[in-house]
Protein chains: 2
Amino acid sequence: MVSIYDIARTANVSPSTVSRALQGNSRVGTATVARIIAIAHELGYVPSSAARNLSTQRSQTIALILSTISDPSVGSVVEGIERQAATAGYDIMLAMSRNDLGREQQIVASARQRRVDGIILIASQMAARYHQLFDDLHIPTVVISEQELQNNVLVVRTDDYSSAQLATNHLLDLGHIRIGYLGVHDRPASQKPRVAGYYDALTARGITPDPELVLIGNRADHLANGYAAAPAFAQRGATAVFCYNDSSAIGLLSACRQHNISVPDQMSVVGFDDIDMAQYSTPPLTTLRQPRLAIGEAALQTLVLRINNKTTENLTFPGELIIRKSTGPGPNKPEPKAMQQLG
Amino acid sequence: MVSIYDIARTANVSPSTVSRALQGNSRVGTATVARIIAIAHELGYVPSSAARNLSTQRSQTIALILSTISDPSVGSVVEGIERQAATAGYDIMLAMSRNDLGREQQIVASARQRRVDGIILIASQMAARYHQLFDDLHIPTVVISEQELQNNVLVVRTDDYSSAQLATNHLLDLGHIRIGYLGVHDRPASQKPRVAGYYDALTARGITPDPELVLIGNRADHLANGYAAAPAFAQRGATAVFCYNDSSAIGLLSACRQHNISVPDQMSVVGFDDIDMAQYSTPPLTTLRQPRLAIGEAALQTLVLRINNKTTENLTFPGELIIRKSTGPGPNKPEPKAMQQLG
DNA sequence: CTGTTAGCGCGTTCAG
DNA sequence: CTGAACGCGCTAACAG
């Protein structure tokens with residue numbers, strides 16, 4: 001492997017001159033710089049990041065930890081992160097925790113050994129689970145999802161609470177009373193505020209939330225969860241369901257079709273995320289769009305700021321209600337005229 | 001940052017003894033090993049991979065390059081890779097090429113500087129585009145997808161050709177004659193053999209493929225491609241369509257519904273991949289399952305073998321036809337009895 | 001079983 | 001503007 005020593009030798013200069021010339025910044029004779037660069041190119045020189053890392057004590061690497069990549073809603077977030085990381089000159093070390101304790105510890109160990117400059121956590125329970133850990137690590141960290149505040153952990157997220165209210169209010173506006181909530185068990189951090197928003201929206205309209213209409217799936221497969229929940233909702237008289245995410249909603253939609261429950265005539269369904277597939281479901285899914293790409297980009301930018309000791313702050317993005325065809329008037333549909341006036 | 005020197009000092013041994021003790025393998029007094037480990041733990045020692053990499057000339061890192069992560073079919077593959085990488089002690093450097101020339105070069109540069117021990121390419125045109133590059137890099141590489149054979153590049157993939165034949169034959173068996181193919185423009189490597197399989201299956205039954213029934217979408221959004229293609233297929237008298245992947249198929253399904261084309265009564269649709277969403281589409285999608293998790297795992301294992309100079313070989317996995325509800329009898333449906341007998 | 005020595009490749013003072 | 005010298009943290013070859 002050719003090093004700066006090799007190129008120094010053939011250029012009749014010292015290694016430090018080569019180092020400087022290659023970095024561009026320092027003051028070196030314009031002529032020698034050109035000559036050095038030429039020789040470096042000619043010799044097929046490729047700088048060693050290990051050596052550089054060792055010397056500079058920075059790895060130009062950020063660890064991206066997520067519970068699973070097989071979730072259609074995280075793709076765009078990762079995309080946003082990767083994009084910004086590339087332009088900021090950081091490499092990404094990808095790790096999947098799978099909610100597996102052993103693997104989680106392994107990941108943290110690996111990140112520490114690699115001396116990663118920063119960490120991004122997506123849809124992982126790790127931040128909550130280890131509570132103090134990320135504070136003690138002294139590695140800048142940003143968590144994407146609602147989170148208990150910690151000292152050294154930044155949060156970038158969608159406003160789950162008000163988004164859930166938006167979704168629920170949409171159903172309420174359509175005249176629904178018996179509105180269910182379909183949840184998951186493996187995303188407590190973001191689910192909590194969504195449930196709260198759902199509850200509060202109901203209560204604000206004078207409706208007492210019925211615990212019977214809150215169903216929490218127990219598997220990691222959200223599609224299957226949604227599919228399995230349909231009969232219970234129908235049986236308990238729900239005319240509308242607000243789902244934790246689009247996957248759950250699409251599973252639910254599929255089951256409705258299977259059980260001949262017409263959507264939206266007999267059952268309105270609202271999802272969350274607006275994944276690519278959402279507008280191609282049957283019927284196209286009304287959902288709460290999260291600005292996933294922007295969140296990913298913001299997460300990385302915030303992290304870089306934090307790494308460079310600039311001032312940073314937690315970021316909250318608003319959700320956007322996307323009305324499609326899976327929601328329709330409920331049994332107590334208000335007068336169209338009134339709706340018009342309010343619009 | 002505490003180093004082995006620090007722990008050597010407080011343990012009254014030499015740094016190399018510490019190094020050996022921590023590696024476990026070498027012969028060091030059992031007592032001192034215990035003492036050293038204890039002290040290391042106490043001092044909060046975390047080994048530096050940069051230093052180790054520099055010294056050993058191996059990075060324990062593999063580069064995972066893909067065009068985009070926002071494709072529901074790559075998630076499982078990545079999952080398989082990550083799983084095996086973790087157990088084999090490799091970290092993953094994630095990079096997305098986005099079919100962007102500049103980014104592609106940046107990624108290769110970064111991988112070289114990092115001295116990655118191996119490279120995995122998924123659904124990327126890079127292997128084909130640079131042809132000679134990956135050979136010249138002298139870094140073990142495995143490509144997931146059909147590929148022109150290169151010296152130093154291994155291939156792990158689904159048998160696209162015979163899978164396409166399987167899919168097409170299924171449609172043929174159902175009595176369809178005017179069978180279309182819905183393709184994409186950004187996956188030439190895997191599409192080529194699929195189209196070939198489709199053509200050959202048709203020809204083998206004495207049907208002359210009609211070029212009018214082969215539609216190639218021109219956008220990166222496969223769902224949208226599928227959606228846009230429905231009218232053309234209907235208008236040209238296709239009674240069945242074999243799609244490049246499930247995303248295209250689901251887009252097509254959605255458009256059929258929109259245009260009141262009944263599936264499968266008026267139009268049968270077959271996808272490819274068997275993504276999680278496939279069984280929850282309307283109707284549930286008949287598709288060709290790829291063993292994506294297994295492919296990911298095999299890809300990494302093969303790569304590791306190759307890194308360690310063991311013998312390796314290209315791997316081809318068979319696809320599996322999953323019959324669901326999006327396919328049904330065509331206009332020339334054969335006698336049910338005959339079907340039974342053949343089964 | 002253990003210590004010494006010498007790099008691995010690069011950045012960075014400190015002198016000129 | 002340039003060179004010499006040292007350190008980053010760890011492994012490995014060579015003595016004992």
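Below, chains carry the letters A, B, ... as their sequence lines are ordered, and counting in each starts from 1.
Rounding to whole angstrom units, CD1 of residue B:I36 and P of D:dC10 are separated by 13 Å. Here C:dC1 presents its C1' atom at 17 Å from CG of B:L22, a figure rounded to the nearest Å. A straight line from CZ of B:R9 to P of C:dT4 spans 13 Å, rounded to a whole angstrom.
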Protein proximity profile, nucleotides 8-16 of chain C - base contact B, sugar-phosphate-only contact S, no contact -, cut-off 4.0 Å on heavy atoms
BBBBBB---

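Across all strands, A:V13 comes closer than 4.0 Å only to sugar-phosphate atoms, never to a base (heavy-atom distances). Residue B:D6 is classed as having no contact, given no heavy-atom separation below 4.0 Å to the nucleic acid.
For B:R98, the CZ atom sits in a packed shell: over 12 heavy atoms of surrounding residues, nucleotides or ligands are nearer than 6.0 Å. Heavy atoms of other residues, nucleotides or ligands lying less than 6.0 angstrom from CD of B:E313 number 12 at most.
A sub-4.0 Å separation between OP1 or OP2 of C:dT2 and a side-chain N or O of B:T32 is present.
Side-chain N/O atoms of A:T68 and B:E79 include a donor and acceptor closer than 3.5 Å.
Here the side chains of B:L66 and B:L94 are in contact, with some heavy-atom distance below 4.5 Å. Here the side chains of A:I144 and A:I81 are in contact, with some heavy-atom distance below 4.5 Å.
Salt bridge present: A:D71 and A:R187 bring a charged side-chain N and a carboxylate O closer than 4.0 Å.
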